[in-house]
Structures are given as structure tokens and as C-alpha cells.
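Remarks on the structure that follows.
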Amino acid sequence: MYTFSNRLKIGAIVLMALGIVGMGVGFVSVPSSPEEAKAMVAAHDDGHGDSHAEEGQHLAEDTAHAGTADHDAAHDEHLMHQLQNRPWSAVYVAAFFFFMIALGVLAFYAIQRAAQAGWSPLLFRVMEGITAYLVPGGIAVFVLLVLSVMHFNHMFVWMDADVVAEDALLQGKAGYLNPTFFLIRAAIFLGGWILYREISRRLSLAQDEASDNRNFVKNFRWSAGFLVFYLVTESMMSWDWIMSVDPHWFSTLFGWYVFASMMVSGITVIAMITIYLKSKGYLPDVNDSHIHDLAKFMFGFSIFWTYLWFSQFMLIWYANIPEEVTYFVTRIEDYKLPFFGMVALNFVFPLLLLMNSDYKRINWFVVMTGIVILAGHYIDVFNMVMPGTVGDQWSIGIPELGAVCFFAGAFILWVFRALTKVPLQPKRNPFIEESRHFHY
């Protein structure tokens, strides 16, 4: 039985405390008026001042051409909303990122169950511990969505009735993008994912005490059915929670793109926690071949993510259709470093570090690569959300780091507490001996 070490527990609590302070600083620092927002931008150089200067020049030219005070007032209000969105967006990115990890692990776990894989049963308890975070993580994301619907922030512009009234495109999407239906869909997604996790977990534990394999067979059926539900709802979730931040833009690859990101992040966390538990002597039967397979999945899904990223980017950029290419123009102009930097973190580093088969069996090497991958996919989520919510008023500072610290601490606390509940090795899985003697 795993024992949650006091050092790790204290570390998680300290992270959460630092996170609360950082998020608090972010929320109290937002401007309360357009004039205050203008003063903050004028006084603040956050490392990408050229972009701000260029925007200021363009806005000055536009104002001169327009010759009206209304243009200035509208811009100032928009700037205020962008700055007010920053702490909300920082919290939302971090909350979604850690929830995404748990959801990716749930999908990977269901795939192992449905495929009746023989190599992975020794890792099932680790996966079940990670997916325990679906409940608090899902609640956190849902609360943020509810607060958005209640107009505590301006992250989703289609939730503003005044904006929709002046936008014919948003009016055409109102049947789908409306607050009530949006929250109903979110509740269905979260309810279905959490329901499967709880049922599968109970069947998994019941199998340990059973005298036959009926619970194993039931788990197989539930997992196969869940994967159908997951593939549909994951795509819809990516449209709702991420893509609708930029409601004028859409991509038919976007659901797969988010899927690849959550899968590689989830598998990376499985590998890192497995290596940690093994180093503490809690998973004696897990060997280098198990770590090798996890590292192969990390490598493979990193390549898959890159394929989807390039396919989406290249086709849209080459076609150069204004309503599509604007999405990438914004990111290249205002987010050049994080946009291209995350491609290096998510593709170049995993490719170079994990291509060699021998390196996949070196635990510290896999952990080091995993840290790079997780940082890269956090920046990926950052790039998906921030341009549509804060525009070029972005930074990775105290609010962003505070939100990451808080949700990282909550993730560690919840997952490792879940790991203490039951023995870490299943006893009566039909493939447990195959998993125990997995060598190649």
C-alpha cells in the first residue's frame, strides 16, 4: 500500500499556497476603468513592446482616419477587457491543462481495457489514481465556465448579447453557441467521463476479490462503449471550451489536435508517476520494458501531434482564406516566441531525446523529456486560449505561474491521495502474469 510522504504532501500544499497568492495578485492588479488600462499599458513594458508600439501606431492611424471619439472609446474599453481577462485566462489555461492530463489518462486507460492489452495491467492503479483528478479538475473547469456565462469575465465574446446583436456570423451560430446549451453540453461531457471512471474503477477493484472474470468482461464492455462516447464528446468539448474563444474561426482538425495534446500529456504523467513510485519501491514488478513502452507512446503521440499541427497550419496558411488565416496571423505576429517555441518543445525535443531506443529505458532521461513535453503542451494550451482573450497584452508572469502552481499542487495532492486508497498492484486481472513477465 502506497504511503503519501509528508514531504510530497507539504510540497503540494506549498505550491497551492503560492498559487493562491499569485492568482490573487493577478486579480487585484487588473484595471477598473479604460483610463487605468491605458495608463497600465503605457507604463508597462513586458518584453514585447514592439508589438504594442506597432498596434498603437495602427490605432492612431485608424483614429485619424475615423475622426471620431467613438473609435477611441471602443478601443479603450476593449483594452480594459483584455487586461481584465488576463488573470481569468491564466486560471482557465492551468485548470484546463491539468484536467486535460487526467482526461487523456482516462482515454489511454480505456484503450488498454478495450484492447485487453497484456503489458499494462501493472500500471492500471497508477492510471486510476491520476483519473481521480477528473472530479475536482472537472468541477474547477465547470465553475469557470459558469462564471463566464454569468459575465464575470469576457473570455467568450459570443456570450455577450450586445456583441452577437452586431455580428451576423455569431447570430448564425447562436443555435449552438448559446450559454444554456453550452453549460448543458459541459455537464453531459463531465458527467459521462466521470461516470465511466467511477464504474471502471469499481469493476477493477471488484475483480481483485472475485472468483471469476465477470467484472473484467464488464469492464471491457464499458470501456469499448466509453471510447465511442469519448471520441464524440472530446471533439465537441474542444470546440466549446477552446475553439469558441475565437468564434469566427474553425478547423475540422481541431478535435484531433486537442486529443493528441491530451494523450501525450497524460501518458507522460503516467510515466513520470510510475518512475517515481518505482524509485520508492512501490512497483517492484514494473521493469524497464514498461517504461520503454510508455516512452514509445510519448514519442509516437508527439509525432502525431506534430503531424496534426503542421496539417492544420500548412493547409490554412497555403489557402490564405482571410477568415481562416487570421487565426495564425495573430499568433505569429503577437505570439511568435511561444507559438514556434512550443513546436520545438513538443516535436524537436521529443524527437531527438526519445528516438534512440536505449534512452527510453533510462528513467531520469524519460522524466527529463517528460518535463519538457509538459511545458510544451502547457504553452500549446496557452497559445490556443490567450490570443482570443487577452490579445497582445499577454505575458507569462505572476498570474500565470501562480495558476500553474495552484493546480499542480491540487493535482499532486489529489492524485497521490487516491493512490493510497488501495494496493498498487491488481491481484486477479487475467493478464497480470503477462504484465509481470513483460520483457523484450
Side-chain angles (χ1 to χ4, degrees), residues 48 50-52 54-55 58-59 75 78-79 81-82 85-86 88-90 92-93 96-97 100 148 153-160 163-164 166-174 176-177 182 234-262 304-347 376-396:
H48 43 89
D50 291 341
S51 174
H52 291 167
E54 291 173 5
E55 184 200 28
H58 293 322
L59 288 169
H75 170 257
H78 178 63
L79 179 66
H81 287 164
Q82 287 182 325
N85 276 342
R86 185 185 166 192
W88 285 102
S89 300
Y92 185 66
V93 168
F96 180 82
F97 175 69
M100 178 182 82
S148 297
N153 55 65
H154 302 274
M155 292 195 299
F156 298 89
V157 296
W158 57 265
M159 293 182 181
D160 189 333
V163 172
V164 174
E166 299 178 0
D167 192 317
L169 186 60
L170 293 185
Q171 292 169 18
K173 296 183 178 183
Y176 185 83
L177 287 181
F182 176 79
E234 183 276 332
S235 289
M236 296 177 70
M237 174 272 289
S238 69
W239 307 335
D240 287 2
W241 299 0
I242 302 294
M243 196 163 68
S244 75
V245 168
D246 294 277
H248 285 189
W249 178 81
F250 68 92
S251 167
T252 54
L253 274 178
F254 197 75
W256 287 106
Y257 179 77
V258 174
F259 166 77
S261 190
M262 71 168 58
F304 181 54
W305 175 89
T306 307
Y307 161 72
L308 293 171
W309 178 87
F310 180 75
S311 297
Q312 182 173 260
F313 172 75
M314 184 271 293
L315 291 173
I316 291 176
W317 187 260
Y318 181 75
N320 201 27
I321 300 172
E323 60 266 28
E324 292 182 353
V325 77
T326 302
Y327 182 87
F328 288 108
V329 170
T330 302
R331 283 152 178 79
I332 291 173
E333 288 184 351
D334 298 329
Y335 289 74
K336 191 181 298 292
L337 179 60
F339 183 72
F340 290 109
M342 65 100 176
V343 177
L345 293 175
N346 294 339
F347 171 58
H377 284 282
Y378 167 80
I379 297 175
D380 186 20
V381 177
F382 183 91
N383 285 333
M384 287 190 277
V385 173
M386 288 293 186
T389 59
V390 303
D392 68 347
Q393 306 301 322
W394 69 275
S395 176
I396 297 182

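What you find for M243 and S251 is that their closest heavy atoms are SD-N, 3.5 Å. Of all heavy-atom pairs spanning M237 and M262, the tightest one is CE-CE, 3.6 Å. Nearest heavy-atom pair across S395 and R86 is CB-NH2, 3.6 Å. Nearest heavy-atom pair across S238 and G255 is OG-CA, 3.3 Å.
With ring centers used as reference points, F156 lies under 6.0 Å from F182. For Y92 and W88, the ring centers are positioned 6.0 Å apart or more.
Between F313 and V343 there is no side-chain heavy-atom pair separated by less than 4.5 Å. Using a 4.5 Å heavy-atom cutoff, the side chains of F304 and F259 are in contact. Contact check for H248 versus L170: side-chain heavy atoms found under the 4.5 Å cut-off. Between I332 and F340 there is a side-chain heavy-atom pair separated by less than 4.5 Å. Side chains of V258 and W241 form no contact here, defined as non-hydrogen atoms less than 4.5 Å apart. Here the side chains of F310 and F347 are not in contact, with every heavy-atom distance at 4.5 Å or above. For the pair Y335 and M342, the minimum side-chain heavy-atom distance is 4.5 Å or more.
Annotation for W256: atom CH2 does not count as buried by contact number, only 12 or fewer foreign heavy atoms lying within 6.0 Å.
Considering only residues two or more places apart in sequence or on other chains, S148 meets the side-chain hydrogen bond (donor to acceptor under 3.5 Å, both in side chains) condition with N153. For N85, there are no side-chain hydrogen bond (donor to acceptor under 3.5 Å, both in side chains) partners at least two apart in sequence or on another chain. Looking at residues two or more places apart in sequence or on another chain, you find no side-chain hydrogen bond (donor to acceptor under 3.5 Å, both in side chains) involving T306. Take Y307 and apply the side-chain hydrogen bond (donor to acceptor under 3.5 Å, both in side chains) test, not counting sequence neighbours, and it matches no residue.
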Per-pair distances, 0.1 Å, donor-acceptor, side chain in residues 320-330, under 3.5 Å, sequence neighbours excluded:
residue: T326; atom: OG1; partner: P322; partner atom: O; Å: 2.5
residue: T330; atom: OG1; partner: T326; partner atom: O; Å: 2.9

Distance-only check: which donor-acceptor pairs under 3.5 Å involve side-chain atoms of residues 376-389, not counting sequence neighbours?
residue: H377; atom: ND1; partner: S261; partner atom: OG; Å: 2.8
residue: D380; atom: OD1; partner: Y257; partner atom: OH; Å: 2.7
residue: D380; atom: OD2; partner: Y257; partner atom: OH; Å: 3.3
residue: D380; atom: OD2; partner: W305; partner atom: NE1; Å: 3.1
residue: N383; atom: ND2; partner: P338; partner atom: O; Å: 3.0
residue: N383; atom: ND2; partner: I379; partner atom: O; Å: 3.4
residue: T389; atom: OG1; partner: S89; partner atom: OG; Å: 2.9
residue: T389; atom: OG1; partner: V385; partner atom: O; Å: 3.3
residue: T389; atom: OG1; partner: M386; partner atom: O; Å: 3.2

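To the nearest 0.5 Å, the span separating CG on L308 from CZ on F254 amounts to 11.5 Å.
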Take Y176 and W158, measure what side-chain contact (heavy atoms from CB on, under 4.5 Å) needs, and give me the verdict at the end.
-> CA-CA 11 Å; Y176 185 83; W158 57 265; over 6 Å; no
Apply side-chain contact (heavy atoms from CB on, under 4.5 Å) to F339 and D334, showing your working.
-> CA-CA 9 Å; F339 183 72; D334 298 329; over 6 Å; no
